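Working notes for the structure below.
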Amino acid sequence: MRNPVDNPFTPGSDTVPEVWAGRTEQLSDWRDAMRPRLLKGLPERGRTILGEPGLGKSSLVRRIAQHAERSGDWVTPQLRIPLGADPMKLVAAATLQLADSAGLASSRERRLKQLLQRVEAVAVSGASLSVRGSEGPEPHTALTELLVEVGRAAIEARKVALIHVDEVQNVTDERALSQLLIALGDAITFETEVTLPGGAQIRRTLPIAVYLTGLPDFEDRAGAHKGATFARRFKTTLLAPIGDDDLAGALQDFVDPGWEVSDESGGVQLVRFEQDAVSAVIDLCRGEPFLFQLAGQHAWNADTTDTVTREQVARGWRSAQREAVAHVERILGRLPQREREFVEAMARIPAQERRLTRIAAEAGFAKPSDAGTTSRRLDTVRGIIERGTQYTFRHRALEAFLTSDWPNLE
Ligand SMILES: Nc1ncnc2c1ncn2[C@@H]1O[C@H](COP(=O)(O)OP(=O)(O)OP(=O)(O)O)[C@@H](O)[C@H]1O
Ligand SMILES: [Mg+2]
């Protein structure tokens, strides 16, 4: 008998979900490019993964971190920045833990001991740590120096050190953001000398992987103020909704052989989704990972039989609808007024007629250039629309909400 206790769907949790869909490109970027290159001492930029709420940014990097951890790497927890908090404190504390994993904490070397003390001070006072008058350098310098030591130890141990800073859009303090990006950026680009087995000396970069995740708004902040340096050192990926094929792939185990749950007598039994039930879930969630988990969870809980039917998906969805709508409304509500007017105008026009001038007129923009800037942001910064001769929606749930009777299942 299936019940809420063995429900594998987890809407709203940013840990790695049991039912995983897609993101193969990003996972492979880590597994096949970033990690092996870092281990070889080849330079790799940090990764900034941005996207609208609920697109799976945190989960993706937790999955990468999980892979790293299973490969024996040194991994920080998800360093979630609360609104307005000083990220230097969190990252300094996490780096001290990495140093601990690397065995640096027990070092007798005086220089290392002093360095650890300096970073401990940063973990307490953050970017505002006053250094004037004292002989110590700026907080970011101490942090970089310790990261370099961790990186050197990682070379010895043939491991990668992975740092994950989440909710980066919450860093509102310019100075703290600048210190953070410089500290991390300097560590990733640092070159150290190593001796090869034959005795030859070469220069290599450190095996340090940095992942920053958060809302697209971060790009404005970091992009505008830190300019070229940030862009050169970090590569930004804007997450798109998950493709229907990938969602179907994720649910394939439920169709055949079925999802294993324990039965009352301590054995296992299989819960199956009918093919129609799978199609219904995919149709409802429109590529949104959060809605996918939500629809799956409610379908599972709609009954206790060992087969999930389309009717159960529909019944479950009725109890999830309010939450589903709230999710999309939150995305719409976060948009600055012009951008919101733009997508709403776009939605009112028939799909084949969605051209910039037509949308601008429909939205009542006085100057065509306003429409240009607005649509560029919606495309390149947020990934909500795609410009072209014809404008289309990339955010399919937003499109469905604005142009159809979604969330109703026909
Ligand atoms: N690849 C995936 N396959 C299946 N479910 C996923 C996937 N990625 C994320 N999810 C689910 O989607 C929901 C949202 O994920 P997550 O919290 O990682 O998104 P986010 O982009 O970090 O959101 P926020 O902007 O609110 O922090 C979670 O319930 C998570 O389990
Ligand atoms: Mg998140």
Side-chain angles (χ1 to χ4, degrees), residues 7-31 47-67 76-83 85 87 90 164-171 211-219 221 236-254 259 273 278 281-282 284-301 316 320 323-324 326-335 381-384 394-398:
N7 195 325
F9 296 94
T10 51
S13 134
D14 54 12
T15 53
V16 184
E18 256 191 281
V19 189
W20 180 268
R23 302 291 182 228
T24 43
E25 202 180 306
Q26 292 80 10
L27 294 173
S28 148
D29 173 58
W30 162 252
R31 235 186 358 242
R47 299 289 192 269
T48 308
I49 296 181
L50 305 177
E52 291 297 304
L55 267 185
K57 308 172 289 288
S58 308
S59 306
L60 170 62
V61 176
R62 283 338 286 165
R63 173 131 180 169
I64 289 169
Q66 190 181 62
H67 178 275
T76 68
Q78 174 180 14
L79 306 172
R80 237 190 245 108
I81 314 283
L83 185 61
L90 272 170
H164 176 198
V165 186
D166 197 9
E167 311 278 0
V168 282
Q169 79 282 353
N170 281 344
V171 184
Y211 280 93
L212 308 177
T213 45
L215 297 173
D217 316 65
F218 174 73
E219 180 77 356
R221 208 165 284 147
T236 300
T237 303
L238 193 55
L239 281 190
I242 295 178
D244 285 353
D245 288 351
D246 285 332
L247 295 173
L251 292 176
Q252 187 51 38
D253 277 352
F254 289 83
W259 191 265
F273 268 58
V278 167
V281 168
I282 294 173
L284 289 170
C285 71
R286 308 291 160 127
E288 284 289 287
F290 171 71
L291 297 179
F292 172 70
Q293 297 287 341
L294 188 70
Q297 183 190 48
H298 282 258
W300 184 283
N301 291 347
E323 212 181 324
H327 170 71
V328 178
E329 278 177 339
R330 186 160 93 87
I331 292 163
L332 197 58
R334 270 182 16 90
L335 296 179
V381 179
R382 299 192 189 278
I384 286 182
R394 249 193 295 212
H395 199 291
R396 292 189 285 131
L398 201 60

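Computed from a predicted model, the values in this text were never measured in an experiment. Computed from heavy atoms alone, side chains included, the values below leave out hydrogens, waters and symmetry copies. Ligands are counted one by one from 1 in listed order, and the atoms in each one are counted from 1 as well.
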note = Contact region, K57 to ligand 1, non-hydrogen atoms below 4.0 Å, reads both
task = Report the part of T213 in contact with ligand 1, treating N, CA, C, O as backbone and CB onward as side chain, heavy atoms under 4.0 Å; options are side chain, backbone, both, neither.
result = neither
query = Looking at L215 and E52, what are the two nearest heavy atoms and their distance?
reply = CD2-C, 4.2 Å
request  = Check whether any side-chain heavy atom of R47 lies under 4.5 Å from a side-chain heavy atom of I64, and answer yes or no.
outcome  = no
query = Among all protein non-hydrogen atoms, which one is nearest to atom 17 (O) of ligand 1, and what is the separation to 0.1 Å?
reply = D14 CB, 3.3 Å
message = Testing T237, T236, L238, V165 one by one against T48 for a side chain to side chain contact (heavy atoms under 4.5 Å, CB included), which residue passes?
response = T236
Nearest-contact summary for atom 18 (O) of ligand 1 - protein heavy atom, Å = S59 OG, 2.5 Å
query = Is there a heavy atom of L294 sitting under 4.0 angstrom from any atom of ligand 1?
reply = no
message = Taking Q169's backbone N and O only, do any of them form a donor-acceptor pair with D217's side chain (distance below 3.5 Å, no angle check)?
response = no
query = Counting heavy atoms only, which part of E167 comes closer than 4.0 Å to ligand 1: side chain, backbone, both or neither?
reply = side chain
ask   = From the Mg ion (ligand 2) out to just under 2.8 Å, does an N/O/S atom of T213 turn up?
value = no
task = Determine whether any heavy atom of G51 lies closer than 4.0 Å to an atom of ligand 1.
result = no
inquiry  = Between F254 and V278, is the side chain to side chain contact (heavy atoms under 4.5 Å, CB included) condition met? List the steps.
reply    = CA-CA 9 Å; F254 289 83; V278 167; 5.6 Å; no
remark   = So for P11 against ligand 1, with non-hydrogen atoms under 4.0 Å, the contacting part is backbone
inquiry  = So does R80 get a backbone contact from the side chain of E167, meaning a donor-acceptor N/O pair under 3.5 Å?
reply    = no
query = Is there a side chain to side chain contact (heavy atoms under 4.5 Å, CB included) between L247 and V281 once you walk through the steps?
reply = CA-CA 9 Å; L247 295 173; V281 168; over 6 Å; no
remark   = Checking heavy atoms under 4.0 Å, the part of L239 that sits near ligand 1 is neither
